[in-house]
Q: 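I am attaching a structure below and will ask some questions about it afterwards.
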Amino acid sequence: MPTIVCVAGARPNYMKIKPVLDALEARGARTALVHTGQHYDESMNEVFFRDLGLRPPDHHLGTGSGTHAEQTARVMTAFEPLVDTLAPDAVVVVGDVNSTLACALVAAKAGRVVAHVEAGLRSRDWSMPEEINRVVTDRVSDLLFAPSPDAVANLRAEGYRDDQIHLAGNVMIDTLYTNLDRALASDALARHGLTAGGYGLVTLHRPANVDTPEMLAALLEALGQIAAGTPLILPVHPRTATRLESAGVPAGLRLIPPAGYLDFIALQASARLVLTDSGGVQEETTALGVPCLTLRDNTERPITVDEGTNQVVGRDPARIVAAAAAVLRDPPARRRPALWDGRAGERIAEVLLGRLRTPDAPRPTDLVALLAQRGR
Ligand code: UD1
Ligand code: UDP
């Protein structure tokens with residue numbers, strides 16, 4: 001059986017890699033779980049291994065924080081010799097963080113089959129570091145596992161071959177369904193003095209929202225107005241923590257440390273409203289049927305708007321407050337997107353192991369030649 005390296009490094013990676021790892025192992029593949037160390041606080045890291053039942057990493061690269069170049073370079077420098085030693089048949093990367101890009105680049109240059117889980121999402125906003133990571137990771141990947149038809153359409157429009165693109169569904173929703181009963185049994189609401197349906201949940205960590213004091217102040221003003229009618233709770237991401245120290249936090253907005261996975265799912269599931277700039281939270285609220293307002297100008301996850309409970313409301317305080325009032329009055333109906341059914345990890349494992357049994361499929365570097373042949 002093949003050996004497959006599975007990479008995780010930051011909070012949203014753990015819930016994405018777990019179902020893939022499980023499905024590969026259930027089919028007899030040898031796996032190595034590599035943690036890049038991009039996130040390292042107990043509340044951004046260990047708690048997820050415990051909550052998800054993820055085994056300790058087989059290899060830890062210990063790279064930590066830094067500028068984009070420092071962090072990406074440190075992951076690459078540490079991952080390259082490991083890939084040489086392990087000589088895996090394939091490397092699986094998930095999502096759009098710096099660790100994803102760094103490990104995909106190393107694996108592609110080492111001649112390994114690269115599989116990108118959550119391929120094809122596009123915000124078309126090049127000011128987001130994640131958009132650069134998504135586009136470049138897809139470009140060096142052999143197998144592109146898309147969570148939704150819009151992602152498939154993006155990949156087709158960019159010229160990827162049909163044999164590279166696989167509509168797999170959403171691995172983050174696999175993990176949500178696996179853990180939902182345990183999350184609902186948690187005492188997170190009681191611990192925070194909340195009642196189901198009686199509060200709103202907030203997350204904020206996008207650099208465009210929290211790194212500029214003026215933008216953060218505008219968002220806090222909007223949250224303060226909403227909190228005057230509906231109490232809000234905000235588990236604070238470490239990027240945001242230092243910025244909030246120098247900003248005035250309005251009454252009614254309660255700050256708590258980053259929540260563990262089970263607690264956070266419990267808080268989402270019982271919230272009357274979620275306000276967020278997270279990617280994953282837009283998806284989880286759609287699956288849970290909880291109204292979500294996305295505090296950004298765009299989303300790479302349009303299916304959560306077209307079929308789910310999400311609205312992209314921008315960053316203007318008056319617009320955010322009006323949208324919150326409307327959604328509290330009249331919560332949206334939802335439809336669960338196709339293939340967000342808890343089996344995405346299994347579909348990915350089937351395709352990846354099948355691809356490794358037929359290793360003569362064309363590599364992405366052949367793409368330019370193929371497109372030239374087709375006259376495109
Ligand atoms: C990263 C991802 C982002 C993802 C987010 C999920 C990139 C470019 N960004 O953003 O796409 O949505 O993770 O949470 O990869 N820090 C700590 N402790 C930690 C981790 C970070 O204190 O365990 C602090 C450090 O000051 C660090 C800052 O947070 O400099 C930012 O961390 P970093 O991983 O660079 O980016 P995130 O904002 O977390
Ligand atoms: N999450 C969590 N605790 C929190 C905030 C988020 O467990 O305090 C979970 C959330 O349920 C989802 C994932 O973290 O599964 C989303 O990660 P994040 O918002 O950090 O990153 P993004 O999805 O924006 O890349």
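Computed from a prediction, not measured in an experiment: that's the story for all the values here. Read the numbers this way: they start at 1 and go in the same order the structure lists the ligands and their atoms. For reference, positions follow the sequence shown, starting with 1.
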Q: Can you name the atoms of ligand 2, numbered from 1 with element, that are less than 4.0 Å from a heavy atom of G260?
A: 7 (O)
Q: How close does the nearest protein non-hydrogen atom get to atom 1 (N) of ligand 2, and which residue and atom is it?
A: F264 CD2, 3.6 Å
Q: How about atom 26 (O) of ligand 1: does it have a protein heavy atom within less than 4.0 Å?
A: no
Q: Any nitrogen or oxygen of E284, main chain or side chain, under 3.5 Å from a nitrogen or oxygen of ligand 2?
A: yes
Q: Under 3.5 Å between some N or O of ligand 2 and some N or O of P235?
A: no
Q: Which of the numbered atoms in ligand 1 are under 4.0 angstrom from any heavy atom belonging to Q71?
A: 34 (O), 35 (O)
Q: Using distance alone, decide if ligand 2 has a nitrogen or oxygen within less than 3.5 Å of any nitrogen or oxygen in A259.
A: yes
Q: Is there a nitrogen or oxygen of M172 sitting under 3.5 Å from a nitrogen or oxygen of ligand 2?
A: no
Q: Under 3.5 Å, is there a donor-acceptor pair between the H116 and D138 side chains?
A: yes
Q: Given 3.5 Å as the limit, does a donor-acceptor pair link the side chain of D51 with the main chain of Y261, or not?
A: yes
Q: Please name the pair of heavy atoms, one in G314 and one in R319, separated by the smallest distance, quoted to 0.1 Å.
A: N-NH1, 4.1 Å
Q: Where's the contact between P12 and ligand 1, heavy-atom distance under 4.0 Å: side chain, backbone, both or neither?
A: side chain
Q: Could you walk me through whether T294 and N310 satisfy the side chain to side chain donor-acceptor pair (under 3.5 Å) test, starting with their C-alpha distance in whole Å, then the side-chain angles of each, then the deciding distance to 0.1 Å, before giving a yes or no?
A: CA-CA 7 Å; T294 293; N310 187 21; 2.7 Å; yes
Q: Under a 4.0 angstrom heavy-atom cut-off, which atoms of ligand 1 come close to E130?
A: 3 (C), 9 (N), 11 (O)
Q: Check this for me - ligand 1, Y40, N or O atoms closer than 3.5 angstrom, yes or no?
A: yes
Q: Taking the side chain from T240 and the backbone from V236, do they hold a donor-acceptor pair closer than 3.5 Å?
A: no
Q: Quick test of your reading of the structure: of R239, R206, E70, whose heavy atom lies closest to atom 31 (C) of ligand 1?
A: R239
Q: Are T31 and R55 close enough that a side-chain donor and a side-chain acceptor fall under 3.5 Å?
A: yes
Q: May I ask you to check whether H35 and Y40 place their ring centers less than 6.0 Å from one another?
A: no
Q: Is it the case that the side chains of H192 and D263 hold a donor-acceptor pair, with the cut-off being a distance below 3.5 Å and no angle test?
A: no
Q: Does a donor on one side chain sit under 3.5 Å from an acceptor on the other, for R315 and N209?
A: yes
Q: Indicate yes or no for a side-chain donor-acceptor contact from E70 to the backbone of T67 under 3.5 Å, with no hydrogens or angles considered.
A: yes
Q: Looking at non-hydrogen atoms alone, which of R11, H39, E42 comes nearest to atom 10 (O) of ligand 1?
A: H39
Q: D277 versus ligand 2: do any nitrogen or oxygen atoms come within less than 3.5 Å of each other?
A: no
Q: Yes or no: does Q268 have any heavy atom under 4.0 Å from an atom of ligand 2?
A: yes
Q: For ligand 2, find out whether one of its N or O atoms is nearer than 3.5 Å to an N or O atom of S278.
A: yes
Q: Under 3.5 Å between some N or O of ligand 2 and some N or O of R206?
A: yes
